[in-house]
Amino acid sequence: MRRQACAAALLLCGTLALTACNGDDGAAGAAPGSAATASGASAATPSATSASSAPAGTATPSASSAASSKKPAPTATAGGPAKPKPPAPGPTCAPKDPVSPNEIAVYRYTPEGGAYSLIVRHGHWGCPVAGGATPFVTVGEETYIPIAEDAKIGAHAPILSGSTNKPITTHELTSWLETHPDKGLVFHYNVNKAGVIDTLGQEEYTV
């Protein structure tokens with residue numbers, strides 16, 4: 001019995017020893033596999049890095065080439081040719097002499113000195129204005145010109161009715177000027193050797 005028990009104990013010890021040895025061999029075999037797995041994982045990491053960096057490297061030239069393919073928009077140059085200015089409008093008419101030698105604008109009269117004198121201003125005809133009228137442009141200051149009592153005078157509207165000159169006396173003219181001062185009606189005139197108006201005719205246009 002004791003021998004059987006001893007044999008059983010030895011068999012059990014041998015079994016346990018074999019189990020322990022097999023366990024050590026499995027652990028040793030597992031360690032290299034784990035190390036290989038780890039090394040494989042570490043080796044895979046550069047590949048992934050290189051794979052991820054490769055598209056980025058190839059995408060950069062594509063973006064730059066696309067940007068370079070765009071043409072810049074044309075810009076206006078400051079030194080370009082300027083648009084020519086339209087010519088200035090020329091005068092529509094040329095007025096007569098600066099001062100008409102035988103035309104005056106009559107404003108009033110005065111009986112000072114025992115003779116009638118017309119208060120006038122000299123001038124010239126200007127350019128026609130809207131409505132077809134031609135203004136008489138006066139220049140200088142008022143002056144006095146004596147008029148003979150028997151001067152030959154022709155007048156029309158507004159002194160007389162109508163547009164055709166009709167004869168009036170010096171008294172009729174001075175009476176009208178007394179009630180209608182500063183109208184500036186234009187007359188052509190002539191003086192005698194004494195410098196006195198002996199002929200006076202109303203012009204068609206007035207100022």
Side-chain angles (χ1 to χ4, degrees), residues 67 69-207:
S69 63
K70 295 182 180 180
K71 295 182 179 180
T75 56
T77 57
K83 185 178 181 181
K85 295 182 179 180
T92 55
C93 74
K96 293 185 178 180
D97 296 335
V99 176
S100 178
N102 60 347
E103 291 174 309
I104 52 175
V106 179
Y107 294 93
R108 297 177 303 279
Y109 86 99
T110 176
E112 294 180 3
Y116 293 112
S117 294
L118 300 180
I119 302 174
V120 303
R121 291 182 68 181
H122 295 274
H124 62 86
W125 293 104
C127 296
V129 297
T134 302
F136 185 78
V137 182
T138 57
V139 295
E141 298 180 355
E142 293 181 346
T143 186
Y144 299 85
I145 302 179
I147 184 172
E149 292 188 7
D150 59 350
K152 296 179 180 179
I153 304 172
H156 57 267
I159 299 175
L160 301 176
S161 60
S163 58
T164 304
N165 276 354
K166 300 175 183 177
I168 60 173
T169 64
T170 300
H171 178 70
E172 289 174 325
L173 174 62
T174 56
S175 296
W176 188 89
L177 290 173
E178 187 174 356
T179 57
H180 303 83
D182 300 325
K183 294 298 182 181
L185 300 181
V186 181
F187 292 81
H188 61 268
Y189 72 101
N190 184 64
V191 296
N192 56 24
K193 293 180 179 181
V196 177
I197 295 176
D198 58 7
T199 303
L200 188 68
Q202 186 179 351
E203 294 282 5
E204 181 179 357
Y205 300 107
T206 59
V207 291

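Scanning for ring-ring contact (aromatic ring centres under 6.0 Å, His included) contacts around Y116 gives Y109, with sequence neighbours left out. For T199, the side chain to side chain contact (heavy atoms under 4.5 Å, CB included) criterion is met by N190, not counting sequence neighbours. Scored by the side-chain hydrogen bond (donor to acceptor under 3.5 Å, both in side chains) test, N192 finds no partners at all (sequence neighbours excluded). Shown here are the ring-ring contact (aromatic ring centres under 6.0 Å, His included) partners of H180, two or more places apart in sequence or in another chain: W176.
With values rounded to the nearest 0.5 angstrom, T170 atom OG1 is found 8.5 Å from L200 atom CG. Between F136 atom CZ and H124 atom NE2 the span is 8.0 Å, to the nearest 0.5 Å. One distance of note links CG of L185 with CG of L177; it measures 7.5 Å at 0.5 Å rounding. The distance from the OG1 atom of T110 to the CG atom of L118 is 10.0 Å, given to the nearest 0.5 Å. For the atom pair NZ (K183) and CD1 (I159), the distance works out to 11.5 Å, reported to the nearest 0.5 Å.
For the residue pair P146 and S117, the shortest heavy atom distance occurs at CA-OG, 3.6 Å. Of all heavy-atom pairs spanning I168 and A155, the tightest one is CD1-CB, 3.6 Å. Summarising the geometry of S100 relative to E103, their closest heavy-atom pair is OG-OE1, 2.8 Å, with the distance given to 0.1 Å. H156 and E203 make their closest contact through CE1-O, 3.2 Å (heavy atoms, listed as atom of the first residue, atom of the second, distance). Minimum interatomic distance between T138 and A105 (heavy atoms only, all atoms of both residues): CG2-CB, 4.0 Å. Y189 approaches H122 most closely through the heavy-atom pair OH-CE1, 3.4 Å.
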Problem set entry | Worked check of side-chain contact (heavy atoms from CB on, under 4.5 Å) between I153 and I147 | CA-CA 10 Å; I153 304 172; I147 184 172; 3.9 Å; yes
Problem set entry | Residues Y144, I119; criterion side-chain contact (heavy atoms from CB on, under 4.5 Å); working and verdict | CA-CA 5 Å; Y144 299 85; I119 302 174; 3.6 Å; yes
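Under the salt bridge (Lys or Arg N to Asp or Glu O under 4.0 Å) criterion, the residue pairs touching residues 135-156 are R108-E142, with sequence neighbours excluded. Among residues at least two apart or in separate chains, there is no salt bridge (Lys or Arg N to Asp or Glu O under 4.0 Å) pair with a member in residues 116-126.
At a threshold of 4.5 Å between non-hydrogen side-chain atoms, the residues E172 and P167 do not count as touching.
Side chain of Q202 to main chain of K166: no donor-acceptor pair is present (N/O by atom type, distance under 3.5 Å, no hydrogens or angles).
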